[in-house]
J.: 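First the structure, then my questions, so here it is.
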Amino acid sequence: MTRVRLGALAGVVGFLAFVEFTSGFLQGYYTPMLSDIARHLEVPDADVNWLEGSQLTLSALVVPVLAKLGDMVGHKRILLWSTAVTAVATLALPFATTFPLFLAAWTLQGVYVVWLPLEIALIWSRTRDREGRSLLTARAAGVLVAALEAGAISGALIGGALIDALPVVVVLLIPGLLVMLCFAVIALGVAESPVQLGGRIDAVGLALVTVALLAFTGGLGLLRVQGAASPAAWAVVVLGLLLFVPFARWELRHPDPLIDVRLFRSPALAPVFATAALFGMSVLGAQAPLSTFIRTDPSTAGYGLGIGGFLTSLVIGAYLIAMVAGALAYPLAARVSTPRNALVVAALLVALGYLLFLPFHTSYAHMVTNMMIAGLGSGALVAALPAAAASGAPPHLSGVATGLTNSTKTVGGAVASAIFGIALMHGVADAAGAGGAAGDVAGGAGSFAGYVVVWCVCGGSALIAAIALRFAVPADAFRDRASVER
């Protein structure tokens, strides 16, 4: 019965799958060439983390706003707007000749992270009268995530092959053309969600959360520049955290808040948001460090594999294939056991994959094996968390709830990106000061100790998420009425 109902959604899911394919292509395409982009812009590898950090910061700011707008004026409309902005930013990247200009365009490109939450909310709205709504949405989410990862695999393979054969500027032109095609697909093939709530954006709440997030992430940026011993940087971080207090108080009083902060106190949603934040540290924050580690020449740095862009893309491709498998396997695992147990196992796989890097990181086989283990868990979490949030939220806040999973995930990624940037830059500074690894500093390589920090943080955060899910979430959570379809 469920398959028939999913078939009725096949049209919209198919078009949205192309949107996610494009999203995945953007995420995978640049990863094998991050070291090449760093050399093109004449910055060290550690500065690549600024790209991740800035894009994640913007994502954390815009996703709640755009998700709320989707509930208000229609999810398709906001999907179109965000795609147009992404197209402009992506087409600007090849023409950005300095790092600040490239950083600005790259940051603006990050608007595309709202696509998946909007799509899940759109599908959720179309299943409002159907039995087993949570399972149906989770299955559709699995298809979308599979398309996303297929796009990421294609992007990684194509990007890795092209960067070895063509100039960087030419290679950077290609993604913008795909985003333009994606805009046409949404405009012509996706119908608007059946219910729009109307209303007005909470401008005061938007201003308060923007200032708080900018202060918090700005403090993280200062920590990267000035080091973890800087009192001023820590003061800005603490100020950013404190500024969330007046924001929360305002939202609690507002009749139509930008973000209903009561959702963070919900027993069904709080563990989902916490897991998303912890998971974001690995799935978003670790991409650049893993790529630069693989590309680093062991003959000069003493670590790394020293392989080219295409072979790097194959490692990334193996990781993404595992994510596809994890995303498609999650609904079955949730039916056989429970959604909570499936989430716990997924988080444990992520933890295992990254912690295995500590003893095993010296060969190509090590990299592929570890990343595939982490990929299985990551794919399941990417598919499951938005659907779990939608099932646990009030019907009129489905877009907001799914958007918050992305926002908390991006905040976690931004925190991790800052930590990783500090760890990698600290090693470069030490090497430069010691005068014993000048080749590393000149070549822009980070420190091996910094990469150990990356693996420990990614593995440890996923392990904490697994523990929290196991002991803070009821055994029958996220079931909705799916159990009747067993």
J.: Measuring from Leu103:CG to Leu108:CG, what's the distance to the nearest 0.5 Å?
T.: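 Answer rounded to 0.5 Å: 11.5 Å.
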J.: At their closest point, which heavy atom of Glu20 faces which heavy atom of Trp115, and how far apart are they?
T.: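 Reported closest heavy-atom pair: OE2-CB, 3.7 Å.
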J.: Just how far is it from atom OG1 of Thr90 to atom CG of Leu177, taken to the nearest 0.5 Å?
T.: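 Reported to 0.5 Å precision, the distance equals 10.0 Å.
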J.: Which atom pair, heavy atoms only, marks the closest approach of Ala276 to Thr405?
T.: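 Smallest interatomic distance, heavy atoms only, reads CB-O, 3.4 Å.
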J.: Does a side-chain heavy-atom distance below 4.5 Å link Tyr330 with Leu343?
T.: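 Yes, close enough: below the 4.5 Å cut-off.
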J.: State, to 0.1 Å, how close Ala327 and Ala146 come at their nearest heavy-atom pair, and which atoms those are.
T.: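 Nearest pair, atom of Ala327 first, then Ala146: CB-N, 4.5 Å.
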J.: Is there side-chain contact between Leu352 and Leu348, with heavy atoms separated by less than 4.5 Å?
T.: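 No, too far: nothing below the 4.5 Å cut-off.
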J.: Passes side chain to side chain contact (heavy atoms under 4.5 Å, CB included), Leu356 versus Thr369? Steps please.
T.: CA-CA 9 Å; Leu356 280 174; Thr369 301; 5.6 Å; no
J.: Does Ser282 use its side chain to pair, donor to acceptor, with the backbone of Phe279 at less than 3.5 Å?
T.: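 Judged by distance alone, yes, a pair lies under 3.5 Å.
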J.: Does any N or O in the side chain of Ser461 come within less than 3.5 Å of the main-chain N or O of Cys458, such that one atom is a donor and the other an acceptor?
T.: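 Side chain of Ser461 to backbone of Cys458: a pair is present.
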J.: The criterion is ring pair (Phe, Tyr, Trp, His ring centres under 6.0 Å); which residues satisfy it with Phe244, sequence neighbours excluded?
T.: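 Testing Phe244 for ring pair (Phe, Tyr, Trp, His ring centres under 6.0 Å), a comparison that skips the adjacent residues, returns none.
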J.: Determine, stepwise, if the pair Met367 / Phe357 fulfils side chain to side chain contact (heavy atoms under 4.5 Å, CB included).
T.: CA-CA 8 Å; Met367 301 300 294; Phe357 277 109; 3.5 Å; yes
J.: Kindly give the heavy-atom pair with the smallest separation between Gln109 and Ala89, and that separation in Å.
T.: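 That would be N-CB, 3.5 Å.
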J.: Roughly how far apart are Tyr364 OH and Leu305 CG, rounded to 0.5 Å?
T.: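 These two atoms lie 8.5 Å from each other.
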J.: Closer than 3.5 angstrom, by distance alone: can the side chain of Ser337 be matched with the main-chain N or O of Ala333 as a donor-acceptor pair?
T.: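 No; judged by distance alone, with no hydrogens or angles, the pair does not exist.
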J.: Taking all atoms of both residues into account, what is the closest heavy-atom pair of Trp106 and Leu93, and its distance?
T.: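 Reported closest heavy-atom pair: N-CD2, 3.6 Å.
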J.: Side-chain contact, heavy-atom cut-off 4.5 Å: Leu26 with Tyr112?
T.: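 They are in contact (side-chain heavy atoms under 4.5 Å apart), so the answer is yes.
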J.: Distance check, rounded to the nearest 0.5 Å: Leu91 atom CG versus Thr86 atom OG1?
T.: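 Here the interatomic distance stands at 10.5 Å.
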J.: Which word best sums up how the rings of Trp455 and Phe293 line up, parallel for under 30°, tilted for 30 to 60°, or perpendicular for over 60°?
T.: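 The arrangement is perpendicular - the two ring planes meet at more than 60°.
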J.: Quick check: do Thr408 and Phe264 have side-chain heavy atoms less than 4.5 Å from each other?
T.: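 Contact flag for Thr408/Phe264 side chains = yes.
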J.: Compare all side-chain heavy atoms of Val65 with those of Thr210 and state whether any distance is below 4.5 angstrom.
T.: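 In short, these two side chains do not touch, never coming nearer than 4.5 Å.
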J.: Where do Val350 and Val283 land on the side chain to side chain contact (heavy atoms under 4.5 Å, CB included) test, with the steps shown first?
T.: CA-CA 9 Å; Val350 175; Val283 76; over 6 Å; no
J.: With side chains defined as the heavy atoms from C-beta onward, is the minimum distance between Leu16 and Ile123 less than 4.5 Å?
T.: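 Result yes, sub-4.5 Å side-chain heavy-atom pair found.
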J.: Taking all non-hydrogen atoms of both residues, which atom of Leu222 and which atom of Ala233 are closest, and how far apart?
T.: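 In terms of heavy atoms, the two residues are closest at CB-CB, 3.6 Å.
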J.: Measure the CD1-OG1 distance between Ile78 and Thr83 for me, rounded to the nearest 0.5 Å.
T.: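 One finds 10.5 Å between CD1 of Ile78 and OG1 of Thr83.
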J.: Quick one: are Met33 and Val168 in side-chain contact, heavy atoms under 4.5 Å?
T.: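 Met33 does not reach Val168 side chain to side chain.
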J.: Are Phe18 and Leu181 side-chain neighbours, meaning at least one heavy-atom pair lies under 4.5 Å?
T.: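 The answer is yes; the side chains approach within 4.5 Å.
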J.: Going from CD1 on Ile464 to CG on Leu278, what distance comes out if it is rounded to the nearest 0.5 angstrom?
T.: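 Separation between the atoms: 6.0 Å.
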J.: Leu173 and Phe95: side chain to side chain contact (heavy atoms under 4.5 Å, CB included), yes or no, with the steps?
T.: CA-CA 9 Å; Leu173 279 171; Phe95 307 102; 4.0 Å; yes
J.: Would you check if the side chain of Tyr29 reaches a backbone N or O of Val171 as a donor-acceptor pair within less than 3.5 Å?
T.: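 Yes, the answer is positive, given that a donor and an acceptor are paired below the 3.5 Å cut-off.
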J.: For Asn370 and His361, indicate whether the former's side chain and the latter's backbone hold a donor-acceptor pair under 3.5 Å.
T.: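 Such a contact is absent between Asn370 side chain and His361 backbone.
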J.: Are any side-chain N or O atoms of Ser82 and backbone N or O atoms of Leu79, one a donor and one an acceptor, separated by less than 3.5 Å?
T.: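 Confirmed, Ser82 side chain pairs with Leu79 backbone.
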